[in-house]
Structure formats: structure tokens, C-alpha cells
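Let me begin by presenting the structure, written as C-alpha cells, before commenting on it.
Since the model is a prediction, treat every value here as computed from it, not as a measurement.
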Amino acid sequence: MRAAILTVSTSRANGDGEDESGARLAEFAAGLGLEVAAQEVVPDERHTVEARLVNFCDELGVDLVLTSGGTGLSPDDLTPEATRSVIEREAPGIAEAMRAASRPHSPHWMLSRAVAGTRGASLIVNFPGSPRSIAECGASLAPALPHALALLAGEHPAHPTA
């Protein structure tokens, strides 16, 4: 299975600083046993984010797209809107699990507007932009994502017991 990583940050897209969030997401994907087929940084522009998500899902055919950044309340934080415009089915439990995982670590956990959903056989998940938050949220999702990806691939894995 393959993954694509999309960092949404105007400053990083302009070359200001290292893309630590994208690197953390790539490590997370590799930890799930996924090959990282693409990793890009784009500015906080809704149409650009939409186009990259569609490309990753429809053209590259990746199983999982992980985004970082653009999920807060700033006027240019439009990753959730871009994601909602391209997904076919929302998976609200994924975003809820990430917010719950952030709660013990940040008083701002409730400000995240991250979403997750499917486009065809691909799963798109919006992560926060903070590298530390990526690790915290990723740990909460890691047990369920392989099962979700198997289901999207048309497999019928056994449901875990207990």
C-alpha cells in the first residue's frame, strides 16, 4: 500500500524553514508499512490543496493521503474545506480521535477543524501542523488505520476482538 504526504504551509512552500511536519507524517506512514509515493509542500490555497488531493487519489491511486497544516482558525486555514470538497464520504471518528488525543497535551485541542474521509479507495486524513501533535494524533490512529485501508481496498479483514 502507498501513501502521499501533503504539507499545507505558505511559509514552507516559500522555502522558509524545514518541513518537519511532512517528515513526521512520512515516518508515521512508513511505520504503518506504507510506501511514501509522494511528498509535497503547497501554500495555503484551497484550489491548490484540492488539486493535489485529487491527483494523489485519482492519478497516483494512493491508499492514504496525510495532510499537515491549515486546520486551525486563521483565515488562510482552508485544508478542511479543500478536503471536504473532494471527499465522497466523511469519516468523523478519525478526526474526533485526533482531537481527543490532543486534549491532554494542548489547551487548544478544540480549535482543530481537521477532517477525514474517503475518495474512491483512498483515505484522506488532515493532521495538525505541529510535529509534536502529529506524533500524539498518529499514535491514536495507528491501531485502526490498517483495518480502514484494508476495507477500502476491498478486503474483508477479521474484526479485532476485545
Side-chain angles (χ1 to χ4, degrees), residues 1-72 74 76-91 94-95 97-99 101-102 105-106 112-153:
M1 293 196 154
R2 300 177 327 137
I5 311 299
L6 185 67
T7 301
V8 182
S9 170
T10 299
S11 63
R12 297 297 182 258
N14 289 335
D16 298 338
E18 183 182 340
D19 177 22
E20 294 179 46
S21 297
R24 290 281 174 96
L25 285 178
E27 290 172 10
F28 175 69
L32 294 174
L34 302 172
E35 169 195 345
V36 177
Q39 186 170 344
E40 298 180 15
V41 180
V42 297
D44 291 279
E45 299 169 353
R46 181 175 170 166
H47 68 279
T48 302
V49 174
E50 290 171 354
R52 299 317 301 145
L53 295 175
V54 168
N55 177 264
F56 291 152
C57 296
D58 297 359
E59 303 302 319
L60 288 181
V62 300
D63 303 284
L64 179 63
V65 179
L66 303 173
T67 73
S68 175
T71 61
S74 295
D76 61 347
D77 285 338
L78 299 172
T79 303
E81 287 76 16
T83 302
R84 278 195 181 98
S85 73
V86 304
I87 61 174
E88 296 156 348
R89 298 183 301 158
E90 196 161 343
I94 293 172
M98 289 195 301
R99 282 186 278 279
S102 295
H105 307 285
S106 171
S112 172
R113 299 180 317 106
V115 299
T118 62
R119 179 178 178 90
S122 301
L123 176 62
I124 302 171
V125 180
N126 299 156
F127 274 77
S130 159
R132 189 192 82 225
S133 294
I134 289 170
E136 294 161 1
C137 293
S140 71
L141 301 184
L145 286 183
H147 186 77
L149 297 176
L151 290 170
L152 285 169

[X] [atom1] to [Y] [atom2] distance, which is reported to the nearest 0.5 Å:
X      : Y      : atom1 : atom2 : answer
Ser133 : His105 : OG    : NE2   : 8.5 Å
Arg113 : Arg99  : CZ    : CZ    : 10.0 Å
Leu123 : Arg89  : CG    : CZ    : 10.0 Å
Cys137 : Arg24  : SG    : CZ    : 12.5 Å
Thr7   : Phe127 : OG1   : CZ    : 12.0 Å
Arg46  : Glu81  : CZ    : CD    : 6.0 Å

Side chain proximity check, [X] to [Y], heavy atoms < 4.5 angstrom:
X      : Y      : result
Leu149 : Leu32  : no
Leu64  : Val125 : yes
Leu53  : Thr83  : yes
Val42  : Leu6   : yes
Asp19  : Ser21  : yes
Leu60  : Asn55  : yes
Val54  : Arg119 : yes
Val86  : Cys57  : no

Distance-only, no hydrogens or angles: does the [X] side chain make a donor-acceptor pair with backbone N or O of [Y] under 3.5 Å?
X      : Y      : answer
Glu90  : Arg84  : no
Ser112 : Ala114 : yes
Ser122 : Val62  : yes

- request: Give a yes/no verdict on a cation-pi contact between Arg52 and Phe56, requiring under 6.0 Å between NZ or CZ and the six-membered ring centre and an angle within 45° of the axis.
  value: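 That pair qualifies as a cation-pi contact.
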Residue pair [X] / [Y]: nearest heavy atoms and the distance that separates them:
X      : Y      : answer
Ile87  : Ala116 : CD1-O, 4.2 Å
Glu20  : Pro131 : CB-CG, 3.7 Å
Gly120 : Leu152 : O-CD2, 4.1 Å
Ala97  : Leu141 : CB-CD2, 4.0 Å
Leu34  : Ala3   : CD1-CB, 4.0 Å
Ala82  : Val49  : CB-CG1, 3.6 Å

message: Looking only at the side chains, is there a donor atom on one of Asn126 and Thr79 sitting less than 3.5 Å from an acceptor on the other?
response: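 Result is no, nothing qualifies.
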